[in-house]
Each structure stands twice: as structure tokens, then as C-alpha cells.
Amino acid sequence: MRMVDLIAKKRDGKGLTKDEIDFMIDGYTNEEIPDYQMSAMAMALYFQGMTTEERVNLTMAMVESGDQVDLSDIQGIKVDKHSTGGVGDTTTLILAPLVASVGVPVAKMSGRGLGHTGGTIDKLESIKGFQVELTAEKFNQLVNQQKVAVVGQSGNLTPADKKLYGLRDVTATVNSIPLIASSIMSKKIASGADAIVLDVKTGSGAFMKNLDDAKQLAKAMVDIGNGAGRETIAVISDMNQPLGHAVGNALEIKEAIDTLQGNGPEDLYELCLTLGSQMVYLAKQADSIEEARAKLEDAVASGKALEKFKTFVSSQGGDASVVDAPSKLPQAKYVIDIKATHAGFVKEIVADEIGIAASMLGAGRLTKDSQIDLAVGVVLQKKIGDQVSEGETLVKVYSNQENIKEVEEKIIEAYSIKAENTTQHSLIYDIIH
């Protein structure tokens, strides 16, 4: 078998067999196939696409290129949740204890962040003492005992995907549905989940700006998951404005605590209930989505979800007293109000611009080696559809630097305020089974 023949085959729009895909991924991972040939293949895939069978075979070849997490010691059906990113995406911090509080085992591996804010792991490190590195034995033990543990990704998971992603980034082939879907699903499957719930974002703060593209990606990932023997569903949700109010590491921890107390932002709580209901249903801890949702609502109302968060934090070495005393979280020196320059209704918030403003404060990494300031970020006081008076606060900025002129300009530019309220806004666009 020769790589040049496989490139020609795909260039001409023909399908690749499992053996051919295995040969290609194995050869590239082991550096027997050079970058220039894989670049040609990536471009052929970009233009010619792949069938569902090819996508499943590509995903599983990447899964098998490295280590696979063994969660077989954990009792029950393990359901993983993955979000395609966004601005102010605090869902894992809420969902992990919420879903665990109704008996679903949550064995979650999360990453660090590059971009607007830190990843889930960085956010959890806002809590003093929280340990994000656990042995496999300790991780499994905690999930069996407490139903929940969250650790950083480690080991040699999907090396083929890491190598191919780096190549796509410099060959203008990132925006390929088959390659995006296979990349995401290879990591989820290698992480050992029995079932997967996907939160696919669309809008100005999402990777997929267009709803039709988001639906294509969601369907591709659902087909791959089901084809690989993992029951998979996707929720397509809005990212035309930041989710919730907070964008920043410690600020998002506080917002997660508020939400588990029943006092969080309406959109963040609703999305967590939607995703969580699917997780509980797939874990067979409810006979319907409606029953699953009722269980989650009761867990918040009764305080069970908040208690589970405390147990989760303390079991991983963190100071659980932050739940009752959020002032123990990292605090910024300055809180600066960004005010509206004129009255009206919020028509649009460019989510990406708010995210960039947070990163300018130090809430995110610009490079892998950047140090995150866990205390800083922004908290939105007004969202799409809200009425605003001239001089009223749009956003509170939490900063460790007093001069934030560029950040203020970025936030003002992100807000569009119009005289009339004509906005029609949806949170959940579709659920794909």
C-alpha cells in the first residue's frame, strides 16, 4: 500500500477502506508518512469529504494511535459531556456535581485553556488546594465513592489527532467537518465514556458561526459516536452572546456556585438542565427526559446539588468553604463599571469581543506558557433584549490594573444598543439524536 495512491483515490472522490485509513494514520503517527503527503490528503478530504463509515474508521484509528482510558472499574453508565467552546462556558463546573447528585457517575477529563479564559482545570485551580492530577486508581475510586471526579487530561491520548491538528492549522484545512468531528470524537471515545452528550455552539462567539454548519458538525459527531458504539446526542445552543454573566476563572466558579444554589443566570441554568437531562437519561437514571429534568430541578431546590459540589471539591483537596464564603476565591484589586453611552435596548453583544476583553485583562493564555490571572474577568450586567438607560452599567470589569482603556473600548464596541427592542433570541436551536 502506498500513500500516494490513497491521496489520488480520495482526490478523485472515492472512499477509503478501514485498512487504508489504518495504514495512513499508523504511518503518519510513526513518521513513516511525511507531512507533505498528509497535507495533500487533508486538502483532498477538505474538498471531497468523507462518508460516515470513513469518519468512524478515521476516528477509531486516531483513538487506537495512543492510550485509552479504562473506566471499567467504575460502576454504572459513564456519560461524558463535551462543549465546542465559547465565551463564559461554565457548564462543566455545574453539570458535574448536579448530575452526580442524582446518581450518575461523572468521570470527567478536562483541559486547560488557550484563548479567552482558562479551561475547566484552570478554573478549578481558583479553589485553594484543589488537585487536578490524580492517579487512575484514585480517580476511579472517587467516582465510585462520590459519583464525581474531574482531572486534567494526561497520558498519550490520541497522538495522531494532535499531530494532524497541528498540520491542519498551517495548511488551511481546519474548517473541515469530517476532520473536526473525528478530532473531537477521538478524544471523547479515548476518554472511556459509555455515552456522550455534545453541546455544539453556534453564533458570534462560537467556532461554528453559522447554524447550518453547526447542524452539520453535530450530525457528523452523533453519527461517529453511534457508529463507534457510544450512544451520542448533540444539543445545538446559542453563542451569540456570552453564556451566563461571568467570563473569568474565579468569577465563573462563583457563578457556578450561585447556579447550584438556584440563583444563577437563567440561560446558564436552562442549558445545564437541558444537557444534564440528556446525561441522566442516557445513564438510565430516568425513564424520560422530563423525569430526568425534574430530578435535576429537585436536586437544586433541595440543596443536594450544592452539597455534592462541596463533597467534590473537598474530596480533591480543595477548600470547600469557598461555597459559603466566595470571598476566599482570588479577588481583583479593581472593580470598574463600563457604562452605556446612550439609552435603548441591547440588540447584539459580539461574544468574541467580550472574550478578547477578558483575555486582555489576563483571564486567558496567549501561549501555552502564559500565566493566567485567576481573579480577573468581566461580569455582564446587561444582555440581549435588556433595556438600558444612559449611564447605566453594562459590564463590571474585575482587573488588577487600573488603566483599562483598551478593554473598555473593546467592551463598548461589542455592545449594540438600539432604540427599539426587535430581537428574537433562542438558547436551544435543535437536539440531534
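Treat the numbers as computed from the prediction; the structure is a model and nothing was measured.
The CD atom of E406 sits 12.0 Å away from atom CD1 of I356, with the distance rounded to the nearest 0.5 Å. Note that NZ of K128 and OG of S321 are 9.5 Å apart. Values are rounded to the nearest 0.5 Å. With rounding to the nearest 0.5 Å, the separation of OG in S399 from CG in L361 is 5.0 Å. The CG atom of L217 sits 5.0 Å away from the CD1 atom of I177 when rounded to the nearest 0.5 Å. Between atom CG of residue D258 and atom CD1 of residue I253 there is a gap of 11.5 Å, rounded to the nearest 0.5 Å. Remark: Y281 OH to D287 CG distance equals 8.0 Å, nearest 0.5 Å.
The pair D161-K187 counts as a salt bridge, with a side-chain nitrogen and a carboxylate oxygen less than 4.0 angstrom apart. Between E270 and R293, at least one side-chain N (NZ, or NE/NH1/NH2) sits under 4.0 Å from a carboxylate O, which counts as a salt bridge. Using a cutoff of 4.0 Å between basic side-chain nitrogens and carboxylate oxygens, K405 and E409 are scored as salt-bridged. Ion pairing between a basic and an acidic side chain is recognised when a charged N comes within 4.0 Å of a carboxylate O; D80 and K78 show no such pairing. Ion pair E125/R112 flagged as a salt bridge, since at least one NZ, NE, NH1 or NH2 atom sits closer than 4.0 Å to an Asp/Glu carboxylate oxygen. The existence of a salt bridge linking D122 and R365 is confirmed by a sub-4.0 Å separation between a basic side-chain nitrogen and an acidic carboxylate oxygen. Here K219 does not pair with D430 in a salt bridge; the nearest charged N to carboxylate O distance is not below 4.0 Å.
When side chains are defined from C-beta on, L164 does not count as touching S183, because their heavy atoms never get closer than 4.5 Å. Looking at V143 and L71, their side chains never come closer than 4.5 Å, going by heavy atoms from C-beta outward. With a 4.5 Å cut-off on side-chain heavy atoms, D199 and L271 count as touching. Side-chain contact check for F309 versus V148: every heavy-atom pair is 4.5 Å or farther apart. Here the side chains of V150 and I121 are in contact, with some heavy-atom distance below 4.5 Å. Looking only at side-chain heavy atoms (C-beta outward), I289 and S277 come within less than 4.5 Å of each other. Looking at heavy atoms from C-beta onward, M185 lies out of side-chain contact with H82 at the 4.5 angstrom threshold. M50 places a side-chain heavy atom less than 4.5 Å from the side chain of L45.
When only modelled atom types and interatomic distance are considered, N249 and S126 share no side-chain donor-acceptor pair under 3.5 Å. Of the N and O atoms on the side chains of Y28 and D35, at least one donor lies less than 3.5 Å from an acceptor on the other residue. Side-chain contact, T92 with K108: no donor N or O sits under 3.5 Å from an acceptor N or O. Side chain to side chain, E252 and T90 meet the donor-acceptor criterion of an N or O pair below 3.5 Å.
Heavy atoms from other residues, nucleotides or ligands lying under 6.0 Å from OH of Y165 number 12 at most. Within a 6.0 Å radius of CZ in F312, other residues, nucleotides and ligands contribute more than 12 heavy atoms. The number of heavy-atom neighbours closer than 6.0 Å to OH of Y46, taken from other residues, nucleotides and ligands shown, is 12 or below. Within a 6.0 Å sphere centred on CD of E297, heavy atoms belonging to other residues, nucleotides or ligands number more than 12. Summarising the local packing, CG of N403 is surrounded by 12 or fewer heavy atoms from other residues, nucleotides or ligands at distances under 6.0 Å. Within 6.0 Å of the CD atom in E291, the count of heavy atoms belonging to other residues, nucleotides or ligands exceeds 12. More than 12 heavy atoms of other residues, nucleotides or ligands shown are found within 6.0 angstrom of NZ on K162.
With hydrogens and angles ignored, the 3.5 Å screen pairs no side-chain donor or acceptor of D223 with any backbone N or O of A220. Between the side chain of N144 and the backbone N or O of Q75, at least one donor-acceptor pair lies under 3.5 Å. D267 places a side-chain N or O within donor-acceptor distance of the main-chain N or O of G244, the cut-off being under 3.5 Å. A distance-only check finds a donor-acceptor pair linking the side chain of D67 to the backbone of N156 [under 3.5 Å]. S426 places no side-chain N or O within donor-acceptor distance of the main-chain N or O of Y429, the cut-off being under 3.5 Å. Judged purely by atom type and a 3.5 angstrom limit, S204 has no side-chain atom pairing as donor or acceptor with the backbone of V350. The closest donor-acceptor contact from the side chain of H342 to the backbone of I417 lies under 3.5 Å. Side chain of Q131 to backbone of Q316: no donor-acceptor contact under 3.5 angstrom is found.
The two residues E255 and A246 make their nearest non-hydrogen contact at OE2-N, 3.0 Å. Residues D337 and K396 come closest through the heavy atom pair OD1-NZ, 2.9 Å. Shortest non-hydrogen contact noted between K382 and Y415 is O-OH, 2.6 Å. Scanning both residues, N400 and A332, for their nearest heavy atoms gives OD1-CA, 3.4 Å. In plain terms, the two heavy atoms of S83 and D89 that are nearest each other are OG-OD2, 2.5 Å. The nearest pair of heavy atoms linking K308 to Q146 is NZ-O, 2.8 Å.
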>> Quick one, R168 with I180, criterion side chain to side chain contact (heavy atoms under 4.5 Å, CB included). Give me CA distance, side-chain angles, the key distance, then yes/no.
In response: CA-CA 10 Å; R168 287 165 52 210; I180 297 168; 3.6 Å; yes

> Between I236 and K215, is a side chain to side chain contact (heavy atoms under 4.5 Å, CB included) present by the stated rule, with each step listed?
Replying inline: CA-CA 7 Å; I236 300 178; K215 286 184 177 182; 3.4 Å; yes

> Step by step, would you call L329 with I127 a side chain to side chain contact (heavy atoms under 4.5 Å, CB included)?
Replying inline: CA-CA 6 Å; L329 291 165; I127 302 172; 4.1 Å; yes

>> Between L98 and M279, does the side chain to side chain contact (heavy atoms under 4.5 Å, CB included) criterion hold? Intermediate values first, please.
In response: CA-CA 11 Å; L98 175 59; M279 293 173 74; over 6 Å; no

>> Show, in sequence, the C-alpha distance, side-chain angles and deciding distance for E307 and K310, and conclude whether the salt bridge (charged side-chain N to carboxylate O under 4.0 Å, His left out) test is met.
In response: CA-CA 5 Å; E307 281 305 310; K310 289 181 180 178; 3.5 Å; yes

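Each of V395, L380, L268, V379 was scored for a side chain to side chain contact (heavy atoms under 4.5 Å, CB included) with P242, with one residue passing: L380.
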